[in-house]
Amino acid sequence: MSWRNNRIKAAIEGKNPMLIKELSGSYVVFGDVQFLPGYCVLLPKREVFSLNDLTMEERSAFLVDMSVVGDAILASTDAIRMNYDILGNTDAYLHAHVFPRYDWEEEQRKKMPVWLYDPSNWSNVETAYAEEKHGELRQKIADYLLNPSK
């Protein structure tokens, strides 16, 4: 079974190659595509259908982690703001998308959700994660998460 078939289980087992760090209430993984450099996904510590299936303590930890990942991306890029999405419409398990937004984006795109970008962005080989292109940024985010008080 590929790690992509169950990203949460793969993160728990240390087999998800996109794993950046285990946090108090989640696992943060680097996005498979990087058309917005620094895009990350937050996975819960256990497989659940939605945020509402977590205990209050788990929810709090997950949501705080989400904001800290945003801090890490902001500190590691020239992003001007962060977008946070918990949708669950395509993949029926809790996960949160953490998208940096940039001043260099086309003006009409800046005010729209990332999901309105051309669908080809999700499969474009030019922006697919590649260690030689994105490894340094991934490491910056990881370093921030190791010591967020910097």
Side-chain angles (χ1 to χ4, degrees), residues 2-4 6-45 47-48 50-51 54 58-91 93-150:
S2 167
W3 63 271
R4 292 178 192 267
N6 190 325
R7 292 170 184 258
I8 297 169
K9 181 178 179 187
I12 292 168
E13 294 175 351
K15 296 177 182 174
N16 185 328
M18 304 306 281
L19 181 64
I20 295 175
K21 184 171 182 352
E22 179 179 356
L23 302 174
S24 64
S26 65
Y27 296 94
V28 60
V29 297
F30 211 58
D32 294 356
V33 293
Q34 292 292 308
F35 63 94
L36 292 170
Y39 161 57
C40 291
V41 177
L42 210 63
L43 303 171
K45 293 275 188 119
E47 292 180 56
V48 294
S50 75
L51 184 66
L54 296 177
E58 290 170 321
R59 287 181 203 188
S60 294
F62 186 83
L63 293 171
V64 167
D65 287 354
M66 187 170 64
S67 69
V68 171
V69 170
D71 291 339
I73 295 168
L74 285 169
S76 303
T77 67
D78 62 347
I80 57 173
R81 74 174 156 278
M82 299 302 303
N83 286 173
Y84 303 91
D85 282 331
I86 299 176
L87 302 170
N89 299 334
T90 302
D91 296 315
Y93 59 89
L94 174 62
H95 60 288
H97 300 272
V98 186
F99 291 108
R101 301 304 301 263
Y102 292 93
D103 199 37
W104 50 256
E105 292 178 73
E106 293 177 22
E107 204 56 44
Q108 73 269 20
R109 295 270 183 228
K110 287 181 188 179
K111 296 180 182 178
M112 298 178 158
V114 169
W115 308 109
L116 295 180
Y117 267 86
D118 188 285
S120 67
N121 282 296
W122 299 101
S123 58
N124 185 339
V125 295
E126 293 296 314
T127 59
Y129 176 78
E131 181 64 27
E132 60 278 0
K133 283 186 191 176
H134 308 109
E136 184 178 336
L137 176 55
R138 181 179 172 173
Q139 188 59 54
K140 278 184 178 180
I141 293 168
D143 291 345
Y144 181 96
L145 292 170
L146 283 171
N147 188 7
S149 60
K150 279 186 177 180

Working for side-chain contact (heavy atoms from CB on, under 4.5 Å), residues Glu105 and Leu36: CA-CA 9 Å; Glu105 292 178 73; Leu36 292 170; 3.8 Å; yes
Test log, rule side-chain contact (heavy atoms from CB on, under 4.5 Å), inputs Val114 and Arg101: CA-CA 9 Å; Val114 169; Arg101 301 304 301 263; 3.6 Å; yes
Lys133 vs Glu126, side-chain contact (heavy atoms from CB on, under 4.5 Å): CA-CA, chis, key distance, verdict: CA-CA 10 Å; Lys133 283 186 191 176; Glu126 293 296 314; 4.3 Å; yes
CA sep, side-chain torsions, deciding dist, call: Leu145, Val68, side-chain contact (heavy atoms from CB on, under 4.5 Å): CA-CA 8 Å; Leu145 292 170; Val68 171; 3.8 Å; yes
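Asp118 is linked by a salt bridge (Lys or Arg N to Asp or Glu O under 4.0 Å) to nothing, counting only residues two or more places apart in sequence or in another chain.
Counting non-hydrogen atoms of neighbouring residues, nucleotides and ligands closer than 6.0 angstrom, the CD atom of Glu136 reaches no more than 12 such neighbours. The number of heavy-atom neighbours closer than 6.0 Å to NZ of Lys15, taken from other residues, nucleotides and ligands shown, is 12 or below.
In this structure, the side chains of Met82 and Pro100 come closer than 4.5 Å at one or more pairs of heavy atoms. Annotation: side chain of Tyr129 is not in contact with side chain of Asp32 (no heavy-atom distance under 4.5 Å). Looking only at side-chain heavy atoms (C-beta outward), Pro44 and Ile8 come within less than 4.5 Å of each other. For the pair Cys40 and Phe99, the minimum side-chain heavy-atom distance is 4.5 Å or more. Using a 4.5 Å heavy-atom threshold, the side chains of Leu43 and Asn16 count as touching. Between Leu87 and His95 the shortest side-chain heavy-atom distance does not fall below 4.5 Å. Taking the side chain as every heavy atom from C-beta outward, Leu51 and Leu63 approach each other to under 4.5 Å.
Both tests do not hold together for Arg109 against Tyr102: distance to the six-membered ring centre under 6.0 Å, angle to the ring axis within 45°.
In summary, Lys110 and Glu106 do not engage in a salt bridge, as defined by a charged side-chain N under 4.0 Å from a carboxylate O.
Put simply, CG on Asp65 and CG on Asp71 are 11.0 Å apart, with the number rounded to the nearest 0.5 Å. In this structure, Asp78 CG and Asp103 CG are separated by 8.5 Å, a value rounded to the nearest 0.5 Å. Once rounded to the nearest 0.5 Å, the distance linking CZ of Arg59 with OG of Ser50 reads 7.5 Å. Residue Lys140 holds its NZ atom at 13.5 Å from NE2 of His134, rounded to the nearest 0.5 Å. The OH atom of Tyr84 lies 7.0 Å from the CE atom of Met66; values are rounded to the nearest 0.5 Å. A distance of 10.0 Å separates CD in Glu58 from CG in Leu94, rounded to the nearest 0.5 Å.
Under the 3.5 Å distance criterion, with hydrogens and angles disregarded, no donor-acceptor pair is assigned to the side chains of Thr127 and Asn121. Of the N and O atoms on the side chains of Arg7 and Tyr27, not one donor lies less than 3.5 Å from an acceptor on the other residue. Under 3.5 Å, the side chains of His97 and Tyr39 contain a donor-acceptor pair of N or O atoms.
Of the possible donor and acceptor atoms, none in the side chain of Lys21 sits under 3.5 Å from a partner among the backbone N and O of Ile141. Formation of a donor-acceptor pair under 3.5 Å by the Arg138 side chain with backbone atoms of Leu19 is found in this model. Between the Gln34 side chain and the Gly31 main chain, a donor and an acceptor come within less than 3.5 Å of each other.
Among Val29, Leu23, Val28, the single residue meeting the side-chain contact (heavy atoms from CB on, under 4.5 Å) criterion with Ser26 is Leu23.
Across all non-hydrogen atoms, the minimal contact from Phe62 to Gly25 is CD1-O, 3.7 Å. Looking at every heavy atom in both residues, Leu137 comes nearest to Gly38 through CD2-N, 3.4 Å. Nearest approach of Trp104 to Pro37, heavy atoms of both residues: CZ2-CD, 3.8 Å.
The aromatic ring centroids of Trp122 and Tyr117 lie 6.0 Å or more from each other.
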